[in-house]
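Everything numeric here is computed off the predicted structure, so don't read it as measured data.
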Amino acid sequence: MPELPEVETTRRGIAPHVTGRIVSRVLVREPRLRWPVPHALIEQLPGQAIASVGRRGKYLLLETAAGAALVHLGMSGSLRLIEADAPPGTHDHVDIVFADGHALRFRDPRRFGSLLWTTRPSQEHPLLRDLGPEPLDGDFSGGYLSAAARGRRVAVKPFIMNSHVVVGVGNIYANEALYLAGIHPRRAAGRIGRDRYHRLAAAIRRVLDESITAGGTTLRDFINGVGEPGYFAVHLRVYGRGGEPCPGCARPIREIRQGQRSTFYCPACQK
DNA sequence: CAACGGACCTGCCTGC
DNA sequence: TGCAGGCAGGTCCGTT
């Protein structure tokens with residue numbers, strides 16, 4: 001998926017074009033996403049005006065007076081603003097059509113993404129309720145991470161990728177942040193000092209900020225909210241660079257597996 | 001409660 | 001050229 005910067009770029013791309021617009025209908029071509037597209041979304045979203053486009057972790061929130069649509073892009077999803085009569089492609093599963101002739105088109109080849117509907121305040125949805133802090137907000141800090149890690153024997157990389165600890169840190173940025181902080185990805189989360197967690201928290205904010213500023217993405221096929229292709233603007237220091245020289249010490253970057261995910265790190269610079 | 005593996009899918013690349 | 005196999009940016013859930 002889109003990691004958090006891609007989701008935020010999508011949010012910023014679509015928000016000015018859909019805020020205040022009236023949904024006329026929800027066209028579902030393929031309901032079999034991670035969870036089936038609920039009938040309530042199809043029935044209750046039409047007629048509503050989009051009050052705001054929010055984000056919690058990697059969920060996009062289309063807020064209306066009647067409820068909120070939760071959109072998750074999974075591994076391969078995108079949400080684009082199009083002309084409603086544009087012919088759909090193979091994996092264009094859902095259109096949220098607006099009265100002004102535009103539509104938000106949800107495309108997701110792997111169908112790991114989801115579209116959900118809640119009539120409660122969106123933050124109370126079970127999938128959002130127990131999420132950790134936003135890494136770019138003030139309540140995320142090294143002190144918070146250090147406290148959350150107490151007694152935890154899990155390796156620090158899966159620890160920071162756990163959305164109940166902190167949201168929005170996917171595989172790419174977990175690798176990059178641990179490199180910048182000089183922390184070995186296999187080190188037990190509970191055996192890292194507070195000072196090093198301050199460095200890690202700063203590194204997480206830095207890599208996410210840099211990527212959002214760059215316009216979003218490292219994804220080959222990423223398309224932002226207004227249909228612009230993604231960039232290759234963000235320089236990745238270790239991700240995808242197994243065997244290449246470390247930018248700091250020139251020793252080869254090592255590649256290992258942690259929980260079926262690729263991990264890249266410098267064995268000299270990360271302890 | 002914590003940790004781990006499996007599950008959900010298709011597309012793309014590699015190697016035979 | 002065709003095909004099998006492996007791998008990919010996420011994250012929830014069931015089992016130990």
Side-chain angles (χ1 to χ4, degrees), chain A residues 1-10 29-37 55-60 70-79 89-94 106-116 125-132 135 147-178 185-191 204 207-208 210-212 214-224 229-234 236-242 255-264:
Chain A
M1 127 174 227
E3 295 216 19
L4 185 143
E6 288 87 325
V7 178
E8 177 60 18
T9 300
T10 298
R29 300 184 192 84
E30 173 54 86
R32 295 173 303 168
L33 304 182
R34 172 156 197 185
W35 295 287
V37 177
R55 179 183 62 74
R56 180 72 177 95
K58 295 176 183 172
Y59 290 90
L60 287 166
L70 276 59
V71 184
H72 198 292
L73 302 179
M75 288 269 230
S76 58
S78 65
L79 196 60
T90 318
H91 303 296
D92 290 337
H93 304 312
V94 179
F106 177 84
R107 167 180 297 191
D108 186 6
R110 287 178 73 181
R111 289 196 273 130
F112 280 17
S114 53
L115 259 77
L116 299 169
H125 190 279
L127 292 172
L128 304 187
R129 197 179 46 207
D130 302 321
L131 292 177
R150 281 189 62 170
R152 301 284 296 269
R153 288 190 287 187
V154 67
V156 63
K157 181 171 175 253
F159 174 71
I160 60 171
M161 291 178 68
N162 180 346
S163 63
H164 297 279
V165 173
V166 55
V167 298
V169 183
N171 197 36
I172 294 176
Y173 297 115
N175 279 292
E176 294 296 303
L178 287 167
R186 281 216 163 115
R187 180 166 288 277
R191 302 197 57 192
I204 289 170
V207 295
L208 294 176
E210 280 179 356
S211 183
I212 291 170
T217 193
T218 53
L219 258 184
R220 245 175 290 260
D221 57 356
F222 177 70
I223 308 278
N224 74 18
Y231 316 120
F232 295 84
V234 178
L236 300 177
R237 295 162 179 88
V238 291
Y239 182 83
R241 296 186 180 276
E255 176 173 4
I256 59 173
R257 308 283 299 172
Q258 285 181 287
Q260 292 113 273
R261 312 303 300 276
S262 296
T263 295
F264 301 88

Ignoring backbone atoms, test whether A:Arg257 places a side-chain nitrogen or oxygen under 4.0 Å from the OP1 or OP2 oxygen of C:dA8. yes
Does the side chain of A:Ser114 get closer than 4.0 angstrom to OP1 or OP2 of C:dT11 through an N or O atom? no
Nearest-nucleotide pick for A:His164, side chain only, options being C:dC12, C:dT11, B:dC4: C:dC12
Is the number of heavy atoms from other residues, nucleotides or ligands under 6.0 Å of A:Arg32 CZ greater than 12? no
If we count only N and O atoms by modelled type, under 3.5 Å, do the side chains of A:Arg257 and A:Ser262 hold a donor and an acceptor together? yes
Checking contacts here: which listed nucleotide (B:dA3, C:dG10, C:dC12) is nearest the side-chain heavy atoms of A:Met161? C:dG10
Looking only at side-chain atoms of A:Tyr239, point me to the closest of C:dA8, B:dA3, B:dG6. C:dA8
Annotated structure of DNA chain C as dot-bracket, pair cut-off 3.5 Å, Watson-Crick or G-U only, | for inter-strand, is .|||||||.|||||||
Between A:Gln260 (CD) and B:dC4 (C1'), how many Å, whole number? 9 Å
To the nearest 0.5 Å, atom CD of A:Glu3 lies from atom CE of A:Met75 at 10.0 Å
Kindly indicate whether the side chain of A:Leu73, heavy atoms from C-beta on, has any atom under 4.5 Å from the side chain of A:Phe106. yes
Classify the ring geometry between A:Tyr239 and A:Phe264 as parallel (under 30°), tilted (30 to 60°) or perpendicular (over 60°). perpendicular
Value in whole Å for how far the C1' atom of C:dG10 lies from CZ of A:Arg56: 16 Å
Any side-chain heavy-atom pair of A:Leu4 and A:Tyr173 under 4.5 Å: no
If you compare every side-chain N and O of A:Ser262 against the phosphate oxygens of C:dA8 (OP1, OP2), does one of them come in below 4.0 Å? yes
Spacing between A:Arg111 atom CZ and C:dT11 atom P, to the nearest angstrom: 19 Å
Can you check whether A:Asp130's main-chain N or O pairs, donor with acceptor, with A:His164's side chain at less than 3.5 Å? yes
Report yes if the ring of A:Phe112 lies under 5.5 Å from the six-membered base ring of C:dT11 with planes under 30°, and no otherwise. no
Has the side chain of A:Glu176 got a donor or acceptor atom that lies under 3.5 Å from a matching backbone atom of A:Val238? yes
Integer-rounded Å distance: C:dC7 P and A:Ile256 CD1: 15 Å
Taking the P atom in each of C:dC7 and B:dG5, what is the distance between them to the nearest angstrom? 15 Å
A:Asn162 has an atom CG; how far is it from atom P of B:dA3, in whole Å? 9 Å
Would you indicate, yes or no, if C:dT11 has its OP1 or OP2 atom less than 4.0 angstrom from a side-chain nitrogen or oxygen of A:His72? yes
Side-chain touch A:Lys58/A:Val167, heavy atoms, less than 4.5 angstrom: no
Side chain of A:Arg153 only, please: which of C:dG10, B:dA3, B:dG6 is the nearest? B:dA3
Rounded distance (Å) that lies between atom P of B:dA7 and atom CZ of A:Arg32: 19 Å
Considering only the P atoms, how many Å lie between B:dG6 and C:dG6, rounded to the nearest integer? 15 Å
Please classify the nucleic acid contact of A:Phe159 as base, sugar-phosphate, or nothing, using heavy-atom distances under 4.0 Å. nothing
Rounded to the nearest 0.5 Å, the CE atom of A:Met161 sits from the CZ atom of A:Arg261 at a distance of 4.5 Å
Counting heavy atoms from C-beta on, name the nucleotide in B:dA2, B:dG11, B:dG5 closest to the side chain of A:His91. B:dG11
Do any N or O atoms from the side chain of A:Gln258 and from the backbone of A:Thr263 form a donor-acceptor pair under 3.5 angstrom? no
Rounded to whole Å, the CZ-C1' distance (A:Arg261 to B:dA7) equals 14 Å
Shorter than 3.5 Å, N or O on both sides, protein versus nucleotides 13-16 of chain C: list them out with atom names.
none

What's the CG-P distance between A:Asp108 and B:dG11, to the nearest Å? 11 Å
From the set C:dA8, C:dC12, C:dG10, return the single nucleotide nearest to any side-chain atom of A:Arg110. C:dA8
